Chemist: 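Can you keep this structure in mind? I'll have questions shortly.
Note that the structure is predicted; figures quoted are calculated from it, not measured. Below, chains carry the letters A, B, ... as their sequence lines are ordered, and counting in each starts from 1.
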Amino acid sequence: MANKDLELIGITRRFGDFVALDGIDLEVGQGEFMAIMGPSGCGKTTLLRIMAGLESTTSGRMLVKGRDLASVPIHKRPTRLVWQDYALFPHLNVFDNIAFGPRLGPHNPSELRAKVHKMAELVSLEGLLDRRIGQLSGGQKQRVALARAIITEPEILLLDEPLSALDAHLRIRMQGELRRLQQALGISFIYVTHNQNEAFSMADRVAVLNKGRVEQIGTPEAIYHHPSSRFVAQFVGMNNLFSGKVTNVGAQYTEIESDTGPIRAAVGTRSPRLGETVHVVVQADKIKRTPAHTSNENKISAILRGREFAGSHNVYLFDLPDGSEIKIVSEDEAGSSPERLSGAASSLYFSTEDAFIIGFQ
Amino acid sequence: MTVAEHNTTTAMDNAVSVPSAAKVRTPNQSWLKELCLAPAMAWYAVFFFGPLGFFMWFGFWTVEEYTPVADFSLKNYREIFSNLFVGSRYAWGIAQSLWVALPAAIFATTFTYLVVLAIVYGVSRRYQRLALLLMVAPFWSSYLLRLYAWQIILAREGAINSFLTTIGLREWHISLMYTQIATRIGLIHYVTPILIIILYVTVSNIDRALIDVSRNLGATRLQTFRKVILPLSRTGLVISVSFAAIICLGDFLSGSLLGGGGGTSLIGRVPTFPDMIMSEYASSSNLPRTTAMATILVVIMLVVLAISFRFMEPATKGGRR
């Protein structure tokens, strides 16, 4: 218990008939960087606001370092939220924004000044303390919002899509800085985002939320390579899904009959039953356009619909006979001639080893 | 034509074409803009600046044989200033006006601000418009009618005192009628609906997220009000006070109907300055001098406005480090 920074037990929130959060259980370890990921409307922001004390729960308990927060008033909670659009005080300059929290209680002005300067240094805001908020760039505002929260020494920092308003270059830079900051402070960060690159590149663990429920919690690798449900498989990464009934459960492979034809998938630690409807996940970079001529290879026919050239690799889009789409990522094939895009029938290949089954009981 | 000549010609052609390319008119650069502004400009010229200019000039006219004559004489102003403390004692009127108007404006703003805070933060969004409508509704009844209503309420044998007699509290009788307190009551009732709109716009525009931020950073409700809501209402509050003060300074109806002309106050039984102007207008044949007095009132209002602009400056103090 003591080594958990945060425990959520059965957090439920209803707005009238709408269930925003449906029994969320979540544990965040000491000094952990946890990302909560999900599509818009999945309840992730509501969950974050509940953790910040800005939203009430319909039922459920929340413990920070073993202490139940139910009776703790909002202004005494050890959780700080960093807002998506920063929400800086427009009537205060950078210094006064950062000093807002500490000034609420008893403080020594000269110590506070030193502390604010230290914070400014930590988030690279030196020399900007006299600026008005309107004179700052997006990245600078982001840093002020961070400093304003961190200076109050919270036990957990909550971040609500803090990088979504920044340009791509700055976003990558801030990802690194956030991670560095989190390690320097040694406190837990809970980071809400709909962007998997952000979640996967910063977080120790990722929780995927869908329709108010936790679909999967795990390390980025686990979630990326072994999605546990159809939703996670589709939401995360560039996964392709084939659905069908299990027709053969063998020692080497499990075979399913999909709309695209028979597909053989790797055997996991558990096996589905015969006749059960399951999904087969194949990552986009595991499907090839040329056969490897091995014995355990799947072959499907598809029609090429488009290609996106992304410098180091190409993304191809194919239509399957049943009308569904699949995506392929392949390293740039040097010297390949421009594709005749529309309607070129082709065969695609993937190894049994790269196809795994999810969604069975 | 040599190659060099050819190049020169091309360069010249380019040089000619460049300025014409720079003359592309953006959608905002259109004579329509001036055309649309023209009616407003004409309106202001004919119905505001024109009359105001004439009005101010008229204050410098002189009177010969009971008829105003165009002139540029300081005689009227000299008479008024020599009567500041003696004779008509205009300074007392000005003091009485300020003493009536400023507290009324501050009280009205404070009261309205509290109501607006209650509406914005206490009433659910669905009913906010209704609440606002109810607060503004008195504005649609005649000002004169409202003053008569207050007479009925405040009079010696009026509604309040009759009620006090009925419940046996005769010794608690109020005697507010014909005091400047009654004047202020009328004025506050007059300006409140206008201030509601000004302050509602101010307070409802404060980003709710800032209140959440403040609470999340550890501020109590009271601290959030003092450190976030109040500073962010500053401009609205200043506009509200100056707006109310200017209306109150120019009003004479409340002063004469509820204050009884020379209503009592700490300053004494002195009429307000607009009241003095109205009396002069009714009794004196020197219309230019009355106009000069009104011009002085306009200048006082401008001073109030200028002072309020000073208070509107950004709350951030520089160099607080």
Chemist: Where is the tightest heavy-atom contact between Thr12(A) and Gly23(A), given as atom of each residue plus distance?
Modeler: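 Closest approach of Thr12(A) to Gly23(A), heavy atoms only: OG1-N, 3.1 Å.
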Chemist: Determine which residues belonging to residues 210-220 of chain B lie within contact range of chain A, meaning some heavy atom pair is under 4.5 Å apart, and list them by number or answer 'none'.
Modeler: Leu210(B), Asp212(B), Val213(B), Ser214(B), Arg215(B), Asn216(B), Leu217(B), Gly218(B), Ala219(B), Thr220(B)
Chemist: Between Glu153(A) and Lys115(A), does any side-chain N to carboxylate O distance fall below 4.0 Å?
Modeler: yes
Chemist: So is Arg221(B) actually on top of Phe225(B)'s ring, under 6.0 Å and inside 45° of the axis?
Modeler: no
Chemist: Check each atom of Arg49(A) against the heavy atoms of chain B and say whether the ones under 4.5 Å are side chain, backbone, both or neither.
Modeler: side chain
Chemist: Does any heavy atom of chain B fall under 4.5 Å from the side chain of Leu54(A), the backbone, both, or neither of them?
Modeler: side chain
Chemist: How are the rings of Tyr44(B) and Phe48(B) set to each other: parallel, tilted or perpendicular (split at 30° and 60°)?
Modeler: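 Plane angle over 60°, so perpendicular.
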Chemist: Quick one: do Asp96(A) and Arg148(A) make a salt bridge, cutoff under 4.0 Å?
Modeler: no
Chemist: Taking Val82(A), Ile151(A), Leu104(A) one by one, which has the highest count of heavy-atom pairs under 4.5 Å against chain B?
Modeler: Leu104(A)
Chemist: Regarding Ser254(B) and Tyr190(B), do their side chains bring together a donor and an acceptor under 3.5 Å, going by distance alone?
Modeler: no
Chemist: Given 3.5 Å as the limit, does a donor-acceptor pair link the side chain of Arg13(A) with the main chain of Leu47(A), or not?
Modeler: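 Side chain of Arg13(A) to backbone of Leu47(A): no pair is present.
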Chemist: Is there a side-chain contact between Tyr191(A) and Leu163(A) in this structure, where contact means two heavy atoms from C-beta onward sitting under 4.5 Å apart?
Modeler: yes
Chemist: Taking heavy atoms only and a threshold strictly under 4.5 Å, list by residue number the residues of residues 119-138 of chain B that touch chain A; give 'none' if the list is empty.
Modeler: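 Checking residues 119-138 of chain B against chain A gives no residue, so none.
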Chemist: Please look at Leu88(A) and chain B and tell me whether the side chain, the backbone, both or neither of the residue comes under 4.5 angstrom of a heavy atom of that chain.
Modeler: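 Backbone only.
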Chemist: Checking Phe89(A) against chain B: side chain, backbone, both or neither under 4.5 Å from a heavy atom?
Modeler: both
Chemist: For Leu157(A), run the side chain to side chain contact (heavy atoms under 4.5 Å, CB included) check against Leu185(A), Leu81(A), Ile187(A) and tell me which one passes.
Modeler: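 It is Ile187(A); the other options fail the test.
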Chemist: Which heavy-atom pair separates Gln180(B) from Gln96(B) by the least distance, and what is that distance?
Modeler: NE2-NE2, 3.2 Å
Chemist: Could you verify whether a donor N or O on one side chain and an acceptor N or O on the other, from Glu55(A) and Thr46(A), lie under 3.5 Å apart?
Modeler: no
Chemist: Take atom CD1 in Ile181(B); do more than 12 heavy atoms of anything else shown fall under 6.0 Å from it?
Modeler: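 No, because the 6.0 Å sphere around CD1 of Ile181(B) holds 12 heavy atoms or fewer from other groups.
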